Protein chains: 2
Amino acid sequence: MSITREKIIELGENLILSRGYNAFSYQDISTELGVKNAAIHYYFPSKENLGTSIVRTNIQRFEEMIDNMHSRGFDEWQQLDTFIKIYIKSHREKKLCLVGSLGSDFNTLNENTKKELIRMTEIILNWLTSTLTTGREKSIFKFNEEPQNKAILILSSLVATLQISRIIDNIDYKSICQSITDGLKP
Amino acid sequence: MSITREKIIELGENLILSRGYNAFSYQDISTELGVKNAAIHYYFPSKENLGTSIVRTNIQRFEEMIDNMHSRGFDEWQQLDTFIKIYIKSHREKKLCLVGSLGSDFNTLNENTKKELIRMTEIILNWLTSTLTTGREKSIFKFNEEPQNKAILILSSLVATLQISRIIDNIDYKSICQSITDGLKP
DNA sequence: AAATATACTTACTAATAAGTAAGTATTAAA
DNA sequence: TTTAATACTTACTTATTAGTAAGTATATTT
């Protein structure tokens, strides 16, 4: 895979996470890369292609992380902590996550990017639900809600607290994450 | 106040909640209203004026609701239920809330709209934090987190579950709200 | 009756957006 | 050594955007 192509995806992702899908242009990417906007169209003929590729790259990254955690034999606490650390990093870098950013722009997205975003959100929620279910079976976690509901509540908290932190800057993101995990302790 | 002006604010708000700040134009509003786009500029010279007015209108609406609940002597449970019902209505109407929608677009907003959004979010969180604090003092609520953290967690859950519901359509929003309130029961 | 304010329309401008067709320099393969 | 693929640039088009200046019809005030 071309290095320019990878840089375009990386820059595009950062632009989506910092400014949103409808507020970034091919010019933003090409200027940053020091090329002409037609060069971006060479790799991604339309913004639809770029958006879809960005989400696909994220799905791949997430699935690799899950595989890696499973092959290392991570228990449910270690898995949840690793997942939460992604959000703590996003907060440190003043970025949102794709679910929150593209979720807000959902109605304006093209069909393919929508499809990949749906797929990505399902993959995350399915993993989280199954991790919560197994963790509770093993008495590692304790909670009363349906695992699916608990998964949505945890993901929502992580996603929207990033957004609210952007509005109100004195929020202690790590402390919020602590509250989330405290709510799962037996 | 002019009825056209009010309609513009209402349409603008709905456009922000369904498509986001950067994906709606004065044309969208003028077409819907059956006037020319210059008519919108007559009431709101710039998009900054419109955005700011939309947020201010929401602040006013929220403050009126709070005043109303206080003057009716609503207890903390009734207040929280009333607040959550706003979100259930938004979900039914397939809309987001301003905090979530404009939170995602925050970095692209003008200074005045940012200021009002900050003010609105602070008002909501301060009310929620104080309601939770008082409710716990009265043993109406039970929770272990810091009230400020609990307020952020509740607001985040409401906000981002609207976004996630847009992506994944089989989410039972009311059931999520039930999980939120169940977590406060003594 | 004349002046003024209100609520617009007409007819623009300048900037930026996505997207394209055709050309060029460089590297790799036949 | 010619051919072809790769990685772009040049130079454009078309559409949409926010925004404006000047004009007009209607109602209200003086």
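Just so it is clear, the structure is predicted and the values come from calculations on it, not from any experiment.
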*Please determine if Lys47(A) forms a cation-pi arrangement with Tyr21(A), meaning its NZ or CZ atom is less than 6.0 Å from the six-membered ring centre and no more than 45° off the ring axis.*
yes
*Do you see a donor-acceptor pair shorter than 3.5 Å between the side chains of Glu122(B) and Asn126(B)?*
no
_Strictly below 4.0 Å: does Tyr42(A) bring a side-chain N or O up to OP1 or OP2 of dA7(D)?_
yes
*Nearest whole angstrom, please: distance from the C1' of dC8(D) to the CD1 of Ile3(A).*
16 Å
*Begin with the C-alpha distance, continue with both residues' side-chain angles, and end with the deciding distance and a verdict on side chain to side chain contact (heavy atoms under 4.5 Å, CB included) for Thr52(B) and Asn110(B).*
CA-CA 9 Å; Thr52(B) 309; Asn110(B) 53 76; 4.2 Å; yes
*Kindly say if Tyr43(A) contacts the phosphate of dC8(D), meaning a side-chain N or O under 4.0 Å from OP1 or OP2.*
yes
*Whole-Å distance between dG19(C) P and Ile40(A) CD1?*
13 Å
*Does Tyr42(B) have Lys36(B) sitting over its ring (NZ/CZ under 6.0 Å from centre, angle to axis within 45°)?*
no
*Classify every nucleotide of nucleotides 17-26 of chain D by which part a protein heavy atom approaches to under 4.0 Å, writing B for the base, S for the sugar-phosphate alone and - for neither, in 5'-to-3' order.*
SSBB------
*Could you tell me whether Lys114(A) sits above the aromatic face of Phe106(A), with NZ or CZ closer than 6.0 angstrom to the six-membered ring centre and within 45 degrees of the axis?*
yes
*Hey, is the main chain of Asn144(A) close enough, under 3.5 Å, to the side chain of Lys150(A) for a donor-acceptor pair?*
no
*Tell me which nucleotide among dA7(D), dT9(C), dT9(D) gets nearest to the side chain of Ala39(B).*
dT9(C)
*Going by number, which of residues 107-118 of chain B have a non-hydrogen atom under 4.0 Å from DNA chain C?*
none
*Thr4(B) side chain near dC8(C) phosphate (N/O to OP1/OP2, under 4.0 Å)*: yes
*Can Lys95(B) be said to sit on top of Tyr87(B)'s aromatic six-ring, NZ or CZ under 6.0 Å from centre and within 45° of the ring axis?*
no
*Please state how far atom CG in Asn22(A) lies from atom C1' in dT16(D), giving the value in whole angstrom units.*
13 Å
*Mind calculating the distance between NZ (Lys7(B)) and P (dA7(C)) to the nearest angstrom?*
14 Å
*Do you know the tightest heavy-atom contact between Ser53(A) and Ile9(A)?*
CB-CD1, 4.1 Å
*Only one of Gln163(A), Arg166(A), Arg19(A) forms a side chain to side chain donor-acceptor pair (under 3.5 Å) with Ser104(B), so which one is it?*
Gln163(A)
